[in-house]
Colleague: 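I have a structure I would like to understand better, so I am pasting it below and will then ask my questions one at a time.
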2 protein chains.
Amino acid sequence: MSTDASGTGGDRRESFWAWGWEDRLPTDEERRELKNRIEGMLGFPERPLLDLPTLEEVTLAPPRVEPPDECPCETTSEKRDRVTHTYGSAYRDLVRGFHGRFDDAPDVVAYPERESDVAAVLEWAAREQVAVVPYGGGTSVVGGVECGGAGYSGVCSLDMGRMDAVPEVDEHSRAARIEAGATGPEIQAQLADYGLQLRHYPQSYEFSTFGGWVATRAGGHFATRYTHIDDFIESVRAVTPAGTLETRRLPASGAGPDPNRFLLGSEGAFGVVTEGWARVQPRPPYRAKATVRFDDYWDAVAACREVVQARLTPANCRLLDSNEAMLNEVAFDGSSVLLLGFESTDSLPPIEADLDRAVEIAEDHGGRVSEGPTTEDRTADGSTGESAADGDDQEGDSGEWRDAFVEAPYMFNSLVSMGVLVDTFETAVTWDQFPALHEAIRDNVTDAMEGACGQGFLSCRFTHAYEDGPAPYYTLLAPADVGRELEQWRQIKAAASDTLMEYGATITHHHAVGRVHRDHYHEEAPDAYLDALRSMKRTLDPEGIMNPGALL
Amino acid sequence: MSTDASGTGGDRRESFWAWGWEDRLPTDEERRELKNRIEGMLGFPERPLLDLPTLEEVTLAPPRVEPPDECPCETTSEKRDRVTHTYGSAYRDLVRGFHGRFDDAPDVVAYPERESDVAAVLEWAAREQVAVVPYGGGTSVVGGVECGGAGYSGVCSLDMGRMDAVPEVDEHSRAARIEAGATGPEIQAQLADYGLQLRHYPQSYEFSTFGGWVATRAGGHFATRYTHIDDFIESVRAVTPAGTLETRRLPASGAGPDPNRFLLGSEGAFGVVTEGWARVQPRPPYRAKATVRFDDYWDAVAACREVVQARLTPANCRLLDSNEAMLNEVAFDGSSVLLLGFESTDSLPPIEADLDRAVEIAEDHGGRVSEGPTTEDRTADGSTGESAADGDDQEGDSGEWRDAFVEAPYMFNSLVSMGVLVDTFETAVTWDQFPALHEAIRDNVTDAMEGACGQGFLSCRFTHAYEDGPAPYYTLLAPADVGRELEQWRQIKAAASDTLMEYGATITHHHAVGRVHRDHYHEEAPDAYLDALRSMKRTLDPEGIMNPGALL
């Protein structure tokens, strides 16, 4: 089942510069089609169709440190390994990869196969003053795995991909022990033997890993309740330079500040998550869904708010604004679209009542049902749900949306190759603040795109909704000047991030901090708390080798 | 609305030694009745009826430090203030109070009225090396507010009771800003103007405070979903010796380790929680309930597990073992009793379906419905729910149980006065470990009671239930030798705590760590994590004045 995270083996190979598999790189035909669509739909000036890069064109500086002799696991300084471990998967990463710029490539890549290998690498690194960057799926969009290593003798990327097992399942308590390097599909496949699922579906599901989810507080695609990996975690095990720590497997505890919550979001700055116990469940047998269109966006916002404040807990409660609906080919009539979905528990089918009530609320706010309500009975199909977006594998408007969700990262590859600046950013904010924030984001980010690129397109969807506020997720597109993309991106990103801070929102709802959000995170988090985190880091990582520059 | 936390004013006065109001102290008649019941029901040897103590009999050592001149708020070294701030409300606290032993009384009690008062007290204390003990309702059962002050020039109890306002309500986002010293009823009364409730009902609700709930990670009485204060918290504000810190009001965030979770469970060891924003809600208009009896306890356990693993989210899912059912006068036939209750969301009444499914599961496991299912429509009664146990204000078996829940702490007062050792302890553990833990607890705690007291009675209920495990709550009763109660209690408590640790459970599900659980907490929490917490404490509390001895 293993996908070779090094990109050097197995049947398929990951692209050295782009999102995903090399065999999924866009054909010229696909790119031409997308180019026409972008120019037509968004009114962008004619875009170029640049040649895709090859690894041969990339030149790297020689490694500053040698792979350690004494490490019991594979360590290498091969070009392809160094290149594929330089970046995450953000627009700025794809752009630099596309242009063959891998200035900050790690000097060494290590592939631990067991926890003792991780400890051995950390020991060597602490002794040699080598910065260690824990690497899961390489799907960070915030510079989480990118480290120049200034001030260090070198950088070692610690690829956890070979620790990908689910070695233990407690069916009675519905929990599984999962190794840090297991990807979404690897976890799914191993749990299938037990008729269980983790049911955590971030957009990066295909490549991102359990350890990465923990370290970055990943958000899955369910709109309410089972959204954050935080809530799935029973216990975590991590190796720090000061020793290994493991929390107890507990359904809950009131003993002191929760140690799991300290490792959740730690972003490799204190140590390396090596495994954990997570809560798992059987596949819900019934689903019900409906799609509601609104002429007025703010009516749709009010409906969404009322649905969650009624303590209905939809699996899907995605509000697409009219731009987002158009971009995802869900609606072209200027409507805002609310995708509603509910999942059953065990053999209980009354989710229709929940859905009916949600639809009633939406209609009270001027919504028009455009699809559904329909119910799906999956008790007979025997499937354990292999889809990355299992909660959404349905037809119609929401099916369109699902396809777009899974394909979006692949589309980024093409956009980069035709000089289209594309990025997303997400936040969470209280309902009372959302209107002011949303207006300001639209004004400031649109202004920034116009200033940097002459024009731009901004859309918004709610990925998650809480009783006290939504998690809006913005997508932006602008015609870039090839060669100047990063400079243009920086202007736009700064406008977005500054606006989030100004309006009391969070710098990230589920994309983490990394290096890209660090300065704004330091604005968001209280100073005294940051000081306290720094003192924790000095205790657990006295040499400061763990992912320096990320988070702190 | 304010209850005078100093116990010196207002219409009612809190007892200086016992749980609750002085005017609720048991009459001789009530005590005689209880004595007969205990002797008859539990077969204890004849118990004495000791005279209740008076404050006049108490002698205190003179205060070691003077109240600070420069503090802008009231500070005092009056006897009654010092006495009422010496202990929490555990059995061992009542016993010491009953016997007039207040050896570790604080030297000074301060009553801040605003945050700057708190900062002024901390500044004085840091300068004078005075230990500061944040004090909410004085309801700790783990020695959380008890501090001898060895190694310090004195001890100052910081009574937050005058900071009891709800100064701001965001109705749109359903959140309220609540000052740390506000008690359950004070919060309820102030939110009633908005038609909102916090709906957090710990057993100590009448006296415990918002700040105390945050600092101790309090658990409310709902069995699933809205159980822990942790999940209600949008933001927290705290004064530490190193400065004030406030987290952003956010529905969710993925930015670094959650700063709220670091203050949740901090137990005053890093600073003083002064206020926070919490999620609030209207009163659910519909409720449905049923009571199911089981001949076999393990059948009932299996039913309870299946109900929560079916992802039904009962507000009440309390499993009483036969001893607990008898003790609470719910059943005397040896049955185990499962109390099931569901609450509606807004105007949606289909909770019957959830309840029916839960009952069906219970029946599948051999349960017999003894009451219900019944549904209650509260849309007409206009009440905002003043009861401490609002989720349970219903008749019949569960009504009996509710009464016992609220009255239990008052009953402790009487038991202490008749030489009955009484204590409770709670934990959480995975379902797979529960049977072994439960057997071991029964064996070891019963043995310890027999060894210490000649005999004893142990009962268990689930206060909360999770998909991966229950939170069992044990009550123990034994005939004590008056004068030797603490020695006997220590033997029994050690047996309980050691067993929890041995079987992988947590030392506390919602009673916190304080001083009583500290050694076992240090066994439960990973060493490296404790080291990290200590380094955080050194950063935020460089003089080490904050609640020394608690938690760390």
Colleague: Do A:Arg279 and B:Glu467 touch side chain to side chain, with heavy atoms closer than 4.5 Å?
Modeller: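 No, every pair of side-chain atoms sits at 4.5 Å or beyond.
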Colleague: If every non-hydrogen atom of B:Thr506 is compared with every non-hydrogen atom of A:Ala252, which pair is closest and at what distance?
Modeller: CG2-O, 3.8 Å
Colleague: Within residues 256-272 of chain B, which residues come under 4.5 Å of chain A, heavy atom to heavy atom?
Modeller: B:Gly256, B:Pro257, B:Asp258, B:Pro259, B:Arg261, B:Phe262, B:Leu264, B:Gly265, B:Ser266, B:Glu267, B:Phe270
Colleague: Is the shortest distance from a Lys or Arg side-chain nitrogen in B:Asp468 or A:Arg174 to a carboxylate oxygen in the other one below 4.0 Å?
Modeller: no
Colleague: Under a 4.5 Å heavy-atom cutoff, which of A:Thr508, A:Thr227, A:Asp432 has the most pairs with chain B?
Modeller: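 Most heavy-atom pairs within the cutoff with chain B belong to A:Asp432.
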Colleague: Contact part of A:Thr216 toward chain B, heavy-atom cut-off under 4.5 Å: side chain, backbone, both or neither?
Modeller: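 The answer is the backbone of A:Thr216.
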Colleague: Mark yes when over 12 heavy atoms from residues, nucleotides or ligands other than A:Asp527 sit less than 6.0 Å from its CG; otherwise mark no.
Modeller: no
Colleague: Chain B heavy atoms under 4.5 Å from A:Ala525: which part of the residue, side chain, backbone, both or neither?
Modeller: neither
Colleague: Where on A:Ala255 is there a heavy atom nearer than 4.5 Å to chain B: the side chain, the backbone, both, or neither?
Modeller: both
Colleague: How far apart are the closest heavy atoms of A:Arg217 and B:Ser253, and which atoms are they?
Modeller: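 Here A:Arg217 and B:Ser253 meet closest at NH2-O, 2.8 Å.
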Colleague: Could you list the residues that satisfy salt bridge (charged side-chain N to carboxylate O under 4.0 Å, His left out) with A:Glu168, not counting sequence neighbours?
Modeller: A:Arg177
Colleague: Tell me, please, whether A:Tyr226 has B:Arg311 positioned over its six-membered ring: NZ or CZ under 6.0 Å from the ring centre and within 45 degrees of its axis?
Modeller: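 Yes - B:Arg311 lies over the ring of A:Tyr226, closer than 6.0 Å to its centre and within 45° of its axis.
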Colleague: Are any non-hydrogen side-chain atoms of A:His172 and B:Phe434 less than 4.5 angstrom apart?
Modeller: no
Colleague: Count the heavy-atom pairs under 4.5 Å between each of A:His510, A:Glu524, A:His511 and chain B, then report the option with the highest count.
Modeller: A:Glu524
Colleague: For A:Gly469 and B:Pro251, work out which heavy atoms get closest and say how close.
Modeller: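 For A:Gly469 and B:Pro251, the tightest heavy-atom pair comes out as CA-CG, 3.6 Å.
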Colleague: A:Gln281 versus chain B, heavy atoms under 4.5 Å apart: side chain, backbone, both or neither?
Modeller: side chain
Colleague: Would a distance-only check, ignoring hydrogens and angles, find a side-chain to backbone donor-acceptor pair under 3.5 Å from A:Ser173 to B:Trp431?
Modeller: yes
Colleague: Given A:Ser535, which of B:Thr539, B:Leu540, B:Leu533 fulfils the side chain to side chain contact (heavy atoms under 4.5 Å, CB included) condition?
Modeller: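 Single side chain to side chain contact (heavy atoms under 4.5 Å, CB included) partner of A:Ser535 among B:Thr539, B:Leu540, B:Leu533: B:Thr539.
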Colleague: Checking heavy atoms, do the side chain of A:His517, its backbone, both or neither come under 4.5 Å from chain B?
Modeller: neither
Colleague: May I have all residue pairs that pass salt bridge (Lys or Arg N to Asp or Glu O under 4.0 Å) and include part of residues 236-257 of chain B, sequence neighbours excluded?
Modeller: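 Sorted result for residues 236-257 of chain B: B:Glu115-B:Arg237, B:Asp170-B:Arg249, B:Glu234-B:Arg249, B:Arg237-B:Glu246.
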Colleague: Which bit of B:Ala471 comes within less than 4.5 Å of chain A, counting heavy atoms only: side chain, backbone, both or neither?
Modeller: neither
Colleague: Would you please name every residue forming a salt bridge (charged side-chain N to carboxylate O under 4.0 Å, His left out) with A:Arg534, sequence neighbours left out?
Modeller: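 A:Arg534 satisfies salt bridge (charged side-chain N to carboxylate O under 4.0 Å, His left out) with A:Asp531 once adjacent residues are dropped.
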Colleague: When only pairs under 4.5 Å are counted, which of B:Pro526, B:Ala215, B:Pro470 shares the most heavy-atom pairs with chain A?
Modeller: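 So the answer, after comparing B:Pro526, B:Ala215, B:Pro470, is B:Pro526.
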Colleague: Is it the side chain or the backbone of A:Ala242 that comes within 4.5 Å of chain B heavy atoms, both, or neither?
Modeller: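 Neither part, no heavy atoms under 4.5 Å.
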Colleague: Which pair of non-hydrogen atoms, one from A:Leu250 and one from B:Gly504, has the smallest distance, and what is that distance?
Modeller: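 For A:Leu250 versus B:Gly504, the nearest heavy atoms are CD2-O, 3.5 Å.
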Colleague: May I ask you to name which of A:Ala512, A:Gly243, A:Ala550, A:Ala505 has the most heavy-atom pairs under 4.5 Å with chain B?
Modeller: A:Ala505
Colleague: Among the options A:Leu245, A:Ile507, A:Thr430, A:Thr244, pick out the one with the most heavy-atom pairs lying under 4.5 Å from chain B.
Modeller: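 So the answer, after comparing A:Leu245, A:Ile507, A:Thr430, A:Thr244, is A:Thr430.
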